Structures are given as C-alpha cells and as structure tokens.
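These numbers come from a predicted model, not from an experiment. When reading the values below, keep in mind they use all heavy atoms of this one structure, side chains included, and skip hydrogens, waters and symmetry mates.
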Amino acid sequence: MRIEASAAFTSSRPLFPLFIFLFFIPGFHARNLQQCSSSCGDLTNISYPFRLQGDPAGCGDVDFQLSCQNNTAILNFRGGKYYVKGISYDKRTIRVVDVNLAHGTCGLPYKSLSMSEATEDGQFPSLITFWQANFVNCSNTIPELTDSKVPCLNGDTSHVYVNFSNRNLFGYEIPRNCKVISRIPTSSENEMNYPYNETTLKLLATGFDLRWSVECRNCHTFGLSCVYESNNDPRIFQCETMYEEDYKTLLTAAIAYLVSRSLIDKALLVRFILAPLVVFVFLLHKCLTTRKKVGNAEHVGDLQMLPKPIPCSPQGHTRNLSSDSPKQVLIAASIERSA
C-alpha cells in the first residue's frame, strides 16, 4: 500500500504546484482583501472579489470590476451594460438588469445575451433561473402573436414580438419570414407567454441573477472544467479533477489523432502534389526526347541533300572525270609526273 501511495503521489507531483496556485493562493488573497470595500449609490459594501473602477490596486479582482456612473453601479459584461441591483456574498450571486430595460420602458436590450452566452465565462458559471426573453422580428404581421407585439418597435415592414422560453428557439419554432434579433435572461419561471404590457415590462426590469465564482475563473484560466462541489449546494464550485487514467486516455487519443492527420496529409501530398509533378516531369522528358530525335533526323536529311564535292587538280583546275577518255587521263597523269 505504501508503494502504491508513493507512486500515486509521485505521478501527481507535477500538478501539485498547480493545485497550490488554484486553491491556496486565491483563498489567501481573498482573506487579505476582504477588509477593502467601497460603495456606489444604494450598493454598499462592495468587497472581494468585486471592486470599483479607480479603487486601490490591492482591492478586489479586476475580472469582477464594476464602474460607478451617476451613483449607479454598472457591470460591463460580454459587450453589454448592466445595472447592478444587488450582490449576495452568502449565496454568491449578483443581480443585474440591462440598462435599456431597467426603467420599465419599451425597447430592445442594449446587447443581446442568451443564457448559454451568459455562462460561458468562468467568473459567472451559472444562472439562478434558466429563462429568457426572445425578441423576434417579422416582415409581416403574425396574427397569433398579436398580444406579444412590442409597439415601440413596429413599422410598415417590421413587426417585433417577444417570446419567453427556457432555451434558444429552434428553427421550426420561429414563424416564416421572422428571425430572432435579441435575447435576454429573465427571472421568470413561468412558461406561458405574457402579453406585452406593464407586467412584461416589470418582468424585464427585474433583471436576472448570475452566480459568481473565483474558483471557476481560475479553472477556466488553466483550461479546466468547473463543476458543482455538491448537488445539494449549487453555490460552491470546484475544478474538475483529472486523474492519471484521464491523462493516458487523452494522450492516446492525441497520438492517434496526430498519426491519422499525418497519414492523411501524406496521402493528400502524394495525390495532389507529387503525382501531378511526376506526370509533368515524365511528359516533359518525353517531349524533349521526341524533339531531339526529330532534330537529328532533319540534320541527316540535310546532309544527304548536299551536292557531292568535285575533285580538283593540284593546280586548282577542275576536271570532269566522266567526260575524259582513258587515254586523256593517262596523258594528263604523265604530264603531271614530268612536271
């Protein structure tokens, strides 16, 4: 048993500094920063991990920074602007409302935000209620949706309706010639679609609750998953543990993937690059060889067509051997020898 425990400890030793950083350091940091607090309007006791813009560097966490404008705390989150209505440090929740919907007036959210988008970042890993309002724009009037029409957003060619659901709408649920133009989480758990009236405006102005977690933020920083520590207490999160077997499985899968990609890349290289190149070189060689043979044949033909040389006498006089008689040839030879 001691050997197994020692081996297990040795195999996990490279991860030990990571665990120290993820769990011990953030807790130590939090204990030293809890004494630092600030306020903005009705929101008092803004403390770790939250901070206000302009607070001393040692206060709070920059990933949970708020700004104070006109005595109202604002959270800039995923491109949107949200008024902060309250922070619970016991439940680890923060209630926010879109700035365009906070006063109960007709309009679209400042920035579209679906439930899935709201929980993509590590610092806010979950919602309290999973319901959202879907704003749907249609090019023509939809009679069955008349009660949910948003009056301030309608025109001759634009008709906007609001729908409540516990997920993003599927394509078949959206009427023809319509598209979803904006979404926003809500605190409603009622599945019925309210008519667009004061009740709907109040519901949208209520906002929604996000769970915050420094531990999940740290997990996401290192590419790890964040899970509930206990199903009985959804407030507490922890990093998902990765055991040695998981490393081996991931390593095997990674090697298999790299090998398969290498083989596929080689096959594509041979088929689409090397094969055409070989064919091109072969055709080029064949073409050059054919041209060389044709050139040699033409050269031989030209030589055969040249006139035969006419023999000359030593004095440079030409003589026609075919027209000289044998006797004349002998006489000419005697004269040449005597000379």
> So how far is it from L108 CG to N137 CG, rounded to the nearest 0.5 Å?
Replying inline: 8.5 Å

>> Applying side-chain contact (heavy atoms from CB on, under 4.5 Å) to Y83 and H103, what does each step give before you reach the verdict?
In response: CA-CA 11 Å; Y83 293 136; H103 303 294; 4.0 Å; yes

>> Taking the side chain as everything from C-beta on, heavy atoms only, tell me whether L101 gets closer than 4.5 Å to P109.
In response: yes

> Going by an N to O cut-off under 4.0 Å, is there a salt bridge joining E173 and R167?
Replying inline: yes

> Is the shortest side-chain N to carboxylate O distance from R78 to E120 below 4.0 Å?
Replying inline: yes

> Does a side chain donor of either S38 or D55 reach within less than 3.5 Å of an acceptor in the other side chain?
Replying inline: yes

> How about F135 and S112: do any of their side-chain heavy atoms sit closer than 4.5 Å?
Replying inline: no

> Counting only heavy atoms not in F77, do more than 12 fall under 6.0 Å of its CZ?
Replying inline: yes

>> Is the shortest side-chain heavy-atom distance between R95 and I128 below 4.5 Å?
In response: no

>> Looking only at side-chain N and O atoms, does Q132 offer a donor or acceptor that is under 3.5 Å from a partner on N168?
In response: yes

> If you round to the nearest 0.5 Å, how far is CG of N76 from NZ of K81?
Replying inline: 6.5 Å

>> Can you see whether N134 engages S165 through a side-chain donor-acceptor pair at a distance of less than 3.5 angstrom?
In response: yes

>> Are N166 and F130 packed together at the side-chain level, in the sense that at least one heavy-atom pair is separated by less than 4.5 angstrom?
In response: no

> When rounded to the nearest 0.5 angstrom, what is the spacing between CG in L203 and CG in N197?
Replying inline: 10.5 Å

>> I'd like to check I87 versus L66 (side-chain heavy atoms, cut-off strictly below 4.5 Å). Are they in contact?
In response: yes

>> Less than 4.5 Å apart, side chain to side chain, heavy atoms only: is that true for T186 and F208?
In response: no

> Could you give the distance from CG (L52) to OG (S47), rounded to the nearest 0.5 Å?
Replying inline: 11.0 Å

>> Taking R217 first and then D61, would you say they form a salt bridge - that is, a charged N and a carboxylate O separated by under 4.0 Å?
In response: yes

> Applying the 4.5 Å side-chain criterion to the ILVMFWY set and letting contacts propagate, would V96 and L43 be lumped into a single cluster?
Replying inline: yes

> Side chains of D209 and T129: donor-acceptor distance under 3.5 Å anywhere?
Replying inline: no

>> If hydrophobic clusters are built by linking Ile, Leu, Val, Met, Phe, Trp and Tyr wherever their side-chain heavy atoms come under 4.5 Å apart, do F282 and V279 end up in the same one?
In response: yes

>> Let's go through R92 and E215 carefully: what are the C-alpha distance in whole Å and the side-chain angles of both, what is the deciding distance for salt bridge (charged side-chain N to carboxylate O under 4.0 Å, His left out) to 0.1 Å, and is it a yes or a no?
In response: CA-CA 12 Å; R92 298 193 178 188; E215 294 79 9; 3.5 Å; yes

>> Assigning hydrophobic clusters by single linkage (Ile, Leu, Val, Met, Phe, Trp, Tyr; side-chain heavy-atom cutoff under 4.5 Å), is L169 placed with V160?
In response: no

> Roughly how far, to the nearest 0.5 Å, is the SG atom of C138 from the CZ atom of R176?
Replying inline: 12.5 Å

> When you take the SG atom of each Cys, C219 and C226, is the space between them under 2.5 Å?
Replying inline: no

> Does a sphere of radius 6.0 Å around CD in E198 hold more than 12 heavy atoms from other residues, nucleotides or ligands, not counting ones at 6.0 Å or beyond?
Replying inline: no

> Does the side chain of I142 come within less than 4.5 Å of Y161's, by heavy atoms?
Replying inline: yes

> What is the distance from atom CD1 of I46 to atom CD of Q65, rounded to the nearest 0.5 Å?
Replying inline: 11.0 Å

> Would a 4.5 Å heavy-atom cut-off, applied to side chains only, mark F50 and V84 as touching?
Replying inline: no

